[in-house]
Structure formats: structure tokens, C-alpha cells
Amino acid sequence: MSATLAPPRTVTYREALREGLFEEMEADDRVILLGEDVGRYGGAYAVSRGLLERFGEHRVIDMPMSEALIVGAALGAAAVGARPVAEIMYMDFVTLVMDQLVNQAAKLHYMFGGQLTAPMVVRVQQGIGRGAGSQHSQSLEAWFAHVPGLKVVAPSTPADAKGLLKSAIRDDDPVLFIEHKGLYARKGEAAGPTHTVPIGLADVKRSGEDLTIVAWSNMVHTALAAAEELAREGVSAEVVDLRTIAPLDMATVLASVGRTGRLLIVHEAVRTAGLGAEIAAETAERHHGQLRAPVRRLATPDVVLPANTTLERELVPDADAVVAAARDLVRS
Amino acid sequence: MSTPDSTPSVDPGTLRRLYHGLVRIRRAEESILELLLKNRLSSTMCHVSIGQEAVAVGVCDVLAEQDYVTSTHRGHGHFLARGGAMSALMAELMGRQAGACRGRGSSMHLVDASVGHLGSNAIVGGHVPIATGAALWAALRGQPRVVASFFGDGATSEGIFHESVNFAAVARLPIVFVVENNQWAMSLPWSRATAQPSIAAKAQAYGLVGVDVDGQDVLAVRAAAEQAVGRARAGAGPTLLGVQTYRFLGHSRADPSSYRDTTEEQRWRARDPVLITREQLAATGVGDDWFATIDREVHAEIAAAIEAAEASPPASLDEVFSDIYATPLGGNR
Ligand SMILES: Cc1ncc(C[n+]2csc(CCOP(=O)(O)OP(=O)(O)O)c2C)c(N)n1
Ligand SMILES: [Mg+2]
């Protein structure tokens, strides 16, 4: 590489999302944004800042505080030609939207014999980091992996966030797009205007031989930090970033575990009936006999998250915990 | 806002068309009940609108080709009145591939996008925000479209109804919310569901036009709908239309309506929308021959639809996994 080449541009996760939205709205006037405080305020986490000024009130719509309506209206608009991006401020509020997401959006295409489609994105953010408490910090992605008809993604890097957002907007199915409040300020390599990431494809973020660590969203960075530490100890960990939660890319996971023979799944969501359970069960069914150690899950214990930054940090698995679990697995 | 004064007059052609629409729905649902009794439907869930036909017929008569409707679990009438094919209806109920939803939707999930029917819904109130979103898109794009969303009195107890009506009013959307108030939500009477029985009064609180109308007189329904649709198309905002009607039969086939008073039933049955319209036509000089012709035509249409449905292959496991997704995974690369 020539020394005169500019270094790769670096952006935050938040900026990458905004770029993705901006580019798709520029390219296709059927793309609209609707949600609470998405316009004048610029979004509770400032993702849509500047979009109202650029695209106007017919494309960026500040809605009343009616979450079910926001998603239902996005669905109705989608069914007749729009490509809406609806924002729900916190994943926790998705409980108010369940009917529209689960019974309506996910079913529309199938139930009506393929006559209607729901090309819509519902953006949410979840996770700890701000001591936001029991009703503003939950990681609920597993609920939506249980609903055929929905697609669910949870990118970990700026480039994946932009690429998946663009794919989600162009997709003809309803996509639940899960961001993480701890990721918005994280920097990473920027992606260009033609970059997309296919829905349904996991990504090996680091190659390794001794064990596979599966993670997604913010936890990918914890896993990568742990892998770095493990390398110093002579343990070679492969880190698979799921990127798409539903439908799960088990092929990538199984291929990796086929090589390493060991699987550790790490997630921020609480342990019981978390996505880790599904990945563990699938792996056990398919790789029984080839595994060199029992499949291991590391997750937040089954607890109601307190509004306390110290406690939430102590409850959610950190890099040290991942290192310890991995060490255990490899030496067992 | 209240009931329009007297029964509006229309040209004879319109009244005949309305009568034909009413009879089509009445006879189709009678046939559907027979098929259900003979175990010839693919699902046991089936709600008929017998007694309420004037709501669907009166409203749909004033909609234009580009308009949309959304409908409910009690939606055979809305489907037919909006222009859905009798054959697609029967085939759907009988679980055939020629059905409106390829035999997967049955009675509660009818749809015909080609005539602007955006689907009927088995979640009470679940389609009201969807209708609102369709109206939002029409408004954002400046399209001269109107959405008519049919739902029952029961749906007005759901939060999503209030979210939708409130937003439609504030954004002045081109939508008509048609509250098909048949006085009962399963066993719950309207008097136990709300302390404000007037839909028009409810509308006032949200700042949109509200009208209460007699739902047994198709001309009254049509006139109120015509004004509401006209307002919506002119950009003057949404209407909440409270249509007073009655379901003559049980909530579903399994329901003997033991919670209802028979004198109440008799009082409403005396106001049968099909008979009221028939009398209006007879008063204009239409003779028995014409009515007999309509009966024959409708009978033949239904018989042919059932026959065609039987000739269509049943929905099968071979295609039950298609359409879960519209975009295959990785398909948008
Ligand atoms: C959200 C929801 N709650 C309950 C039901 C069960 N259910 C089906 S129809 C019905 C009554 C609906 O009453 P109304 O809206 O007045 O319509 P009608 O049946 O009278 O036409 C109930 C309780 C449902 N399908 N959806
Ligand atoms: Mg009712």
C-alpha cells in the first residue's frame, strides 16, 4: 500500500447509522422516518439529527407518544408503498408494540397469501451503560427470534450498522434493528455509500483455533477484548459476531465450532431462555460427538436490572469473565 | 354532529345496486353457515355479519377505485362489498389454493389488494393503526385516496383505537373510522363497555368530526359515508362514523347468545336491512319479478363459486413454507 493513501475514515456507530439513513433517504423518496422526537430533537440518541432539516416534515415525522400506532402506521404505510423506518426509543417499550410487530407485521405477507408486503424497519436500542434501570436497559432480542416472519439484526460495528441498516431498508420484510446504547460513541472504520451487509450472515470477527466465542451487539467487543487477553495466554479464540439474530446463521457458527470443537456463547440478555440456549441446543444436536468440551453459556444472571451503573456493570459478563470461562473450557 | 335528518333519496339504479349488494352478502353468509355445519370449511372460526350488511354496502358504495379498506374478524361483507370475488371468498373459507389468501387465511384473514382491500384482522382493533398508516402515506404523497376502516364497538375499548383516532385527527388524515356498533362484543353489551354511548360525542373529544347513524337503513349509511369520504378526499380530515346495527345471530356458530334478551333481538330483527331496502324499492314500483331475478342471480353466483372452490386444490404442506419472507435471506445484497 502506498504511503500517500489517506488512512481509513473513522466514524462513530451513531454517525454510521445516520449516514445509512441519509443515503437511503437520498436514494429513495419512499423511505420515511417516524417516531417520537426523531425530528426536531434529532432522536433520543441523536441518530437522526439533521434529517428533518434535510428532508422535511413529509419524510421525518414526529409522532405522538403512541408506540403501537407508530409501528402500526409504519406497517400500513409499508403495505401501500412506503419504506418506513420507525424508531422506538427504548427496547423496553417494545412491550407496547408487541401486537403490531408480532401479530401484524410479521404475519402480513404470509397470512395474506403473499398479496401484501411489509418493507419496514423498526429501530430500537437496548442494553446497559447508563444505569437506566429496570425499564430502560433490558436486552430482549430472544423474544423476537421466536417469531417466524420477522428479521432481527443487532450490529456491533459502525460499518456493520450502516451496511445492515441499508439492507434492512431495502428488504421487503419487517426488520427489527437493534442498536445498543453503549455502542453509539464507539468508533470504527467507516463504510462507503455502496456498502451493504446481507441480512442472515454472521461474521467471523477474529479467527482462532481453540474455541469459538459467539456474541452479538456490544458483547462482541467484550469477546474481542477477551480473545486478545487469551492470545497472550496462548489460547486462540475465534470470535463469531452473529449480526443477524433471526433467522440465525447457524451454518457459520457450526462451521467454526466444527474447527475448534469448543463453544462459548456470551450475551448481555439474561440467561434463561436467552438466544444462547438456542445456539447451544442446535450445536449440541449437530455436533454431538465432535465437541471437545460441553457447550458453555455466559450471560447476565436472571435478575431485574437495577438503576445503578456499578451494579449493572458487575452483573453483565465482562472481558475477565469471558477469559475465565474460555480458559476453563479449553483446559477442561 | 348527529344523525342526518331523514332518509336521503337516491336514483333508482343506486338503490337497486345497494339491494343487490345486501342480498349477495346475506345469501353468501347463509351458504357459509351451511358449509360450516356440513364440515366443509377449513377452519372452525367463522363470524357472520347477518343483520349488519348495510354498513359494508353503504360505505363501500361511495368509495372510489383507488381507496382502501381494512376489516375485521366479521369481514365477509366488507370483502364482497369492496369488490372481492365470491369465488375467492368461498375458496378461502374452504381452504383452497384459489382462495384470497391461498387457503391460509380462512374467514378472519380475507384480502384483495387488487381492489384496495388491505386485509381483515383477527386481533380486535389490530388493523386500525394499519389503516391509519395507509392514510398517512396517501396524505404524505398527496394522493387522492381515502381509507375506510371497519371495526366493531368492542374495538373502541382497545388502546390502539384511541392512539389511531387521535393521530388521524391531529394529522388530518383522509380516513373514515367506521364503528360497526352491533351493540355487543361477544357477551359484553355496549352499555358495559362505555359510559359515553354516542360515538359522535367521543369524536368531539379528539377533535374530529363524529356522526351517529342508523345502520339498518343502507341509504342513511351511504349518505353519512358519502359526506365523510368527501371530507377526507377534500383534505378536511377524518370522520368517526358510529353506525348502529345488530348481529342477528350469535357471535360465532358456537354462541347461542344466551346473554341476550329475545325481545331485544326481535326489535332489531324487525329492522332487517334487506327488508327495509326491499320495501324502499317496492315503494318506487319495483315488482316481484325483479326481486326474483336478483335472487336467482345471487344463487347462481354463489353456487358457481362453491363449485369452483371445490375444483381448486386444497392448501397443502408443499407450499405452506412459502411467503414467510418476501425477500429471501441475502437476497438484497
Ligand atoms: C385483542 C383481542 N381481544 C379479544 C379477542 C377475542 N374476540 C374476538 S371478537 C371479540 C368481540 C369483538 O367485538 P366487536 O369489536 O364489537 O366486534 P363484533 O364481534 O361484535 O363484530 C372478542 C372478544 C380478539 N380476537 N382480539
Ligand atoms: Mg360488536
Side-chain angles (χ1 to χ4, degrees), chain A residues 29-30 32 34 57-59 61 63-82 84 96 99-100 103-120 148-149 151 166-173 196-201 244 247 249, chain B residues 68 70 92 97 99-105 109-114 116-119 121-123 125-143 145 147 158-160 162-164 166-167 170-171 315 320-333:
Chain A
D29 72 355
R30 296 170 304 170
I32 57 173
L34 67 170
E57 288 182 341
H58 280 63
R59 306 279 304 279
I61 304 153
M63 296 289 286
M65 227 186 320
S66 302
E67 285 78 9
L69 168 73
I70 291 168
V71 173
L75 175 57
V80 297
L96 299 164
D99 178 51
Q100 291 306 314
N103 288 323
Q104 308 299 341
K107 307 295 190 280
L108 185 93
H109 186 65
Y110 182 86
M111 187 168 83
F112 292 132
Q115 282 199 39
L116 299 173
T117 52
M120 60 188 281
K151 290 173 178 169
K166 290 168 80 90
S167 292
I169 291 171
R170 296 177 198 181
D171 200 282
D172 280 338
D173 295 307
T196 59
V197 172
I199 293 173
L201 204 61
T244 294
D249 178 9
Chain B
Y68 298 126
T70 68
E92 187 55 43
Q97 290 182 25
C101 307
R102 301 169 60 187
R104 310 169 167 159
H109 304 299
L110 299 168
V111 69
D112 188 347
S114 73
H117 185 297
L118 301 181
N121 214 290
I123 305 295
H127 60 98
V128 182
I130 299 172
T132 306
L136 172 64
W137 186 239
L140 291 174
R141 304 292 273 202
Q143 299 166 345
R145 287 185 211 270
V147 183
E158 295 285 356
I160 194 64
H162 300 270
E163 293 187 17
S164 302
N166 177 64
F167 176 66
V170 91
V320 82
F321 291 102
S322 67
D323 299 325
I324 295 173
Y325 295 108
T327 302
L329 289 179
N332 55 357
R333 236 167 271 208

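Each chain gets a letter, A, B and so on, in the order the sequences are listed, and its residues count up from 1. Quick note: numbers below take in every heavy atom, side chains included, and nothing from hydrogens, waters or symmetry partners.
Considering CD1 of Ile199(A) and OH of Tyr325(B), their distance stands at 10.0 Å, rounded to 0.5 Å. Distance check: Glu67(A) CD to Glu163(B) CD gives 7.0 Å after rounding to the nearest 0.5 Å. Annotation: the span from Met111(A) atom CE to Ile324(B) atom CD1 amounts to 14.0 Å, rounded to 0.5 Å. Put simply, CG on Asn103(A) and NE2 on His127(B) are 13.0 Å apart, with the number rounded to the nearest 0.5 Å.
For a residue to count as touching a neighbouring chain, one of its non-hydrogen atoms must lie under 4.5 Å from one of that chain's; by this rule Asn121(B) touches chain A with the side chain only. For chain A, no part of Ala131(B) is nearby; none of its heavy atoms comes within less than 4.5 Å. For a residue to count as touching a neighbouring chain, one of its non-hydrogen atoms must lie under 4.5 Å from one of that chain's; by this rule Gln115(A) touches chain B with backbone and side chain alike. Only the side chain of Leu136(B) comes within less than 4.5 Å of a heavy atom in chain A; its backbone stays farther off. Heavy-atom distances place both the backbone and the side chain of Ala68(A) under 4.5 Å from chain B. With a 4.5 angstrom heavy-atom cutoff, Arg30(A) touches chain B via backbone and side-chain atoms both. At a 4.5 Å heavy-atom cutoff, the contact between Ala82(A) and chain B is made by backbone and side-chain atoms alike. Residue Thr70(B): no heavy atom, backbone or side chain, is found under 4.5 Å from chain A. Proximity to chain A (any heavy atom under 4.5 Å) is restricted, for Arg141(B), to the side chain, taken from C-beta onward. Heavy-atom distances place both the backbone and the side chain of Leu140(B) under 4.5 Å from chain A. Contacts of Ile70(A) with chain B are absent, with no heavy-atom separation under 4.5 Å from either backbone or side chain. No part of Leu96(A) comes within reach of chain B, as not one of its non-hydrogen atoms sits under 4.5 angstrom from that chain.
Note on Gln100(A), His58(A), His109(A): by heavy-atom pairs under 4.5 Å with chain B, the leading option is His109(A). Ranked by heavy-atom pairs under 4.5 Å with chain A, the list Ala113(B), Ala138(B), Gly105(B), Gly126(B) is led by Gly126(B). With chain B as partner, the option from Ala118(A), Gly81(A), Ala106(A) having the largest number of non-hydrogen pairs under 4.5 angstrom is Gly81(A). Contact tally against chain A (heavy-atom pairs below 4.5 Å) for Val170(B), Ile160(B), Val147(B): the top residue is Ile160(B).
Contact annotation: the side chain of Leu116(A) approaches that of Val111(B) to within less than 4.5 Å [non-hydrogen atoms, C-beta and beyond]. Between Tyr110(A) and Val320(B) there is a side-chain heavy-atom pair separated by less than 4.5 Å.
Checked by atom type and distance alone, the side chain of Thr327(B) pairs as donor or acceptor with a backbone atom of Asp172(A) at under 3.5 Å.
The nearest pair of heavy atoms linking Ala134(B) to Val80(A) is CA-CG2, 3.9 Å. Scanning all heavy atoms of the two residues, the minimum distance from Trp137(B) to Asp29(A) falls at CH2-O, 4.2 Å. What you find for Phe112(A) and Leu118(B) is that their closest heavy atoms are CE1-O, 4.2 Å.
In this view, Arg102(B) and Glu319(B), Asp323(B) satisfy the salt bridge (charged side-chain N to carboxylate O under 4.0 Å, His left out) rule, not counting sequence neighbours. Looking at residues two or more places apart in sequence or on another chain, you find a salt bridge (charged side-chain N to carboxylate O under 4.0 Å, His left out) between Lys151(A) and Asp171(A), Asp173(A).
Within a 6.0 Å radius of CD in Gln143(B), other residues, nucleotides and ligands contribute more than 12 heavy atoms.
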